[in-house]
Q: 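Before anything else, here's the structure in question.
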Amino acid sequence: MIKLINTTSRFIVALVFIYSGFVKLVDPYGTAYKISDYLEVVHLVLPLWVVLAISIFLSVFEFTLGMNALSKSCYSNTTKLLLVVVSVFTLLTLYIAIANPVQDCGCFGDALVITNWHTFFKNIVLLILILVMFRNRNYMRSRVEEVRQKIMTFCFVLFAVFFALHEVRHLPILDFRPYSVGTYIPEKMKVSEGMPQDVYETHFVYSKNGEEKAFTEENYPWQDTTWHYVSSESILVSKGAQAPIHDFVIEDSELGDITEDVLSDDNYTFLLVAPYLEKSSYKHKNDIESLMQYCSEKGYRFMVLTSSIGDAVNEFKSQYEVPFELCNMDEITLKTIVRAHPGLVIIKSGTILAKYHHNDFPVFSETDDILGKILSIQKRQKNRIIVLLLALLMGGVVYKMSQNRDYTK
């Protein structure tokens, strides 16, 4: 019975930590942005590279704890660390649930968004399971010598670090955001039928004998002529469902909102996404210029989307001779669309056909079938070294677990 309880607790905790760590490793920048949200609450601003390093460390640590729990490598120390980590985060998530400084804790990245209270209750369940593991940790023994267990742990860390660095230098192999390849943007901008809508309540302010008083639609004195209307205000009572894409707005300095015009264009549109032009590196200038030239020759639209204004915009324009459109978009939206600075997005008729990190900008020739070239590049991206690394990792885990045996004293 003890063995069953231990094994069940261990597998649940391990899978939660592996899943949570993996989805963060897939998108290190997303975790870094969430950490920045927390730091802003306490009025602390750190350089992005520092926050990114923290993001990678936490993700690697979480993933390694999960893999250790699954394979029982360094099991005693792992259960101790799990107990400390989950105890601290249970208290932290209780504060977050009560104070609500951010809407989403980010514990599962963009893969699974849950409320702050659900996160707290999840940690309570994990804490109970880990207490079971900790109390009975001596009942779990392995035939594998300690040095091999440490080697396995080191392999988990090494894999996680290299995987995270790979994801930093390229786009995430799994895109959990609403701007994934194949997305029809206009459809994602709508709230599904049957979903709750925003509920507002109108407050009316009337004055009488120099005194002002607020009323609702049920009790405002519309028949009492001694009250004089002053103003009214609509107040949000309950928040309804939000469309997956709710802030995709492209602003042209002269034409204003051109979002619909861009999304309805049935030709290829190349979007260079650069949240901060003043922080952009010009080492990819030749690649960008080649893309601009290609679009100019083929009659495709090339647009630069940024949140920057003023001198940064003028300096960027001065770097390129090929004509292009430069428009503004919300900073957070830009960082959500593509995890690269700059990144490239190709759309047609409102559908996202492809996304590229600046390290993987494609090279198109005038004779290329653009759609065929896109599909060819995407196929190569899916078959990158991550397949081999995952195979090696899972092979090591299977081998390690085959060498273990649970004993009940």
Side-chain angles (χ1 to χ4, degrees), residues 1-26 28 31 55-89 107-109 111-112 122-123 125-167 173-174 385-409:
M1 186 63 181
I2 294 177
K3 178 181 176 180
L4 177 62
I5 294 173
N6 282 341
T7 302
T8 302
S9 300
R10 179 169 62 87
F11 267 89
I12 293 175
V13 171
L15 293 177
V16 170
F17 268 75
I18 291 171
Y19 178 75
S20 179
F22 180 77
V23 296
K24 293 187 183 76
L25 290 171
V26 166
T31 305
S55 164
I56 293 174
F57 171 79
L58 292 176
S59 303
V60 170
F61 183 64
E62 188 174 13
F63 178 80
T64 303
L65 285 178
M67 293 302 298
N68 271 3
L70 182 64
S71 64
K72 294 186 294 182
S73 294
C74 307
Y75 190 74
S76 180
N77 289 332
T78 296
T79 55
K80 293 174 184 177
L81 285 173
L82 284 169
L83 183 59
V84 171
V85 169
V86 174
S87 296
V88 171
F89 274 90
C107 58
F108 294 117
L112 179 62
K122 179 263 295 180
N123 284 339
V125 173
L126 284 178
L127 186 59
I128 294 172
L129 296 176
I130 291 170
L131 284 171
V132 172
M133 293 170 59
F134 178 76
R135 181 179 178 184
N136 299 299
R137 65 190 183 280
N138 292 326
Y139 288 99
M140 308 294 287
R141 295 185 298 177
S142 171
R143 292 187 302 178
V144 177
E145 60 270 24
E146 185 176 348
V147 66
R148 287 183 60 190
Q149 295 180 41
K150 291 180 179 179
I151 290 174
M152 284 297 299
T153 299
F154 177 75
C155 289
F156 296 147
V157 172
L158 198 63
F159 164 79
V161 170
F162 275 99
F163 181 57
L165 294 178
H166 177 274
E167 298 302 272
I173 60 167
L174 297 174
I385 60 170
I386 189 61
V387 175
L388 175 61
L389 290 174
L390 282 175
L392 291 173
L393 174 68
M394 297 313 298
V397 172
V398 171
Y399 173 75
K400 177 66 175 68
M401 293 180 67
S402 68
Q403 301 298 312
N404 288 344
R405 181 188 300 170
D406 291 346
Y407 293 91
T408 302
K409 289 185 177 180

Q: Do the non-hydrogen side-chain atoms of Thr78 and Leu65 ever get within less than 4.5 Å of each other?
A: yes
Q: Heavy atoms, side chains only, cut-off 4.5 Å: are Leu112 and Tyr19 in contact?
A: yes
Q: Apply the test side chain to side chain contact (heavy atoms under 4.5 Å, CB included) to residues Asn6 and Val132: give CA-CA distance (whole Å), side-chain angles for both, the deciding distance (0.1 Å), then the verdict.
A: CA-CA 7 Å; Asn6 282 341; Val132 172; 3.9 Å; yes
Q: For the residue pair Phe63 and Phe22, categorise the inter-ring angle as parallel (less than 30°), tilted (30 to 60°) or perpendicular (more than 60°).
A: tilted
Q: Do the side chains of Val125 and Leu129 get nearer than 4.5 Å, heavy atoms only?
A: yes
Q: Does Cys74 reach the side chain of Lys150, with side-chain heavy atoms less than 4.5 Å apart?
A: yes
Q: With side chains defined as the heavy atoms from C-beta onward, is the minimum distance between Val86 and Phe17 less than 4.5 Å?
A: yes
Q: So, does Glu167 use its side chain to make a donor-acceptor pair with the main chain of Ile173 at under 3.5 Å?
A: yes
Q: Contact between Met67 and Phe159 at the side-chain level, heavy atoms closer than 4.5 Å - yes or no?
A: no
Q: Given 3.5 Å as the limit, does a donor-acceptor pair link the side chain of Ser20 with the main chain of Val16, or not?
A: no
Q: Looking only at heavy atoms, which two atoms of Pro28 and Ser55 are closest? And how far apart?
A: O-OG, 2.9 Å
Q: Less than 4.5 Å apart, side chain to side chain, heavy atoms only: is that true for Ile56 and Leu165?
A: yes
Q: How far does CG of Asn123 sit from CD1 of Ile128, to the nearest 0.5 angstrom?
A: 11.5 Å
Q: Hey, does Leu58 have a side-chain heavy atom less than 4.5 Å from the side chain of Thr31?
A: no
Q: Give, for atom CE of Met133 and atom OG1 of Thr7, the distance between the pair rounded to the nearest 0.5 Å.
A: 10.0 Å
Q: What's the verdict on side chain to side chain contact (heavy atoms under 4.5 Å, CB included) for Phe11 and Leu70, showing C-alpha distance, side-chain angles and the deciding distance?
A: CA-CA 6 Å; Phe11 267 89; Leu70 182 64; 3.6 Å; yes
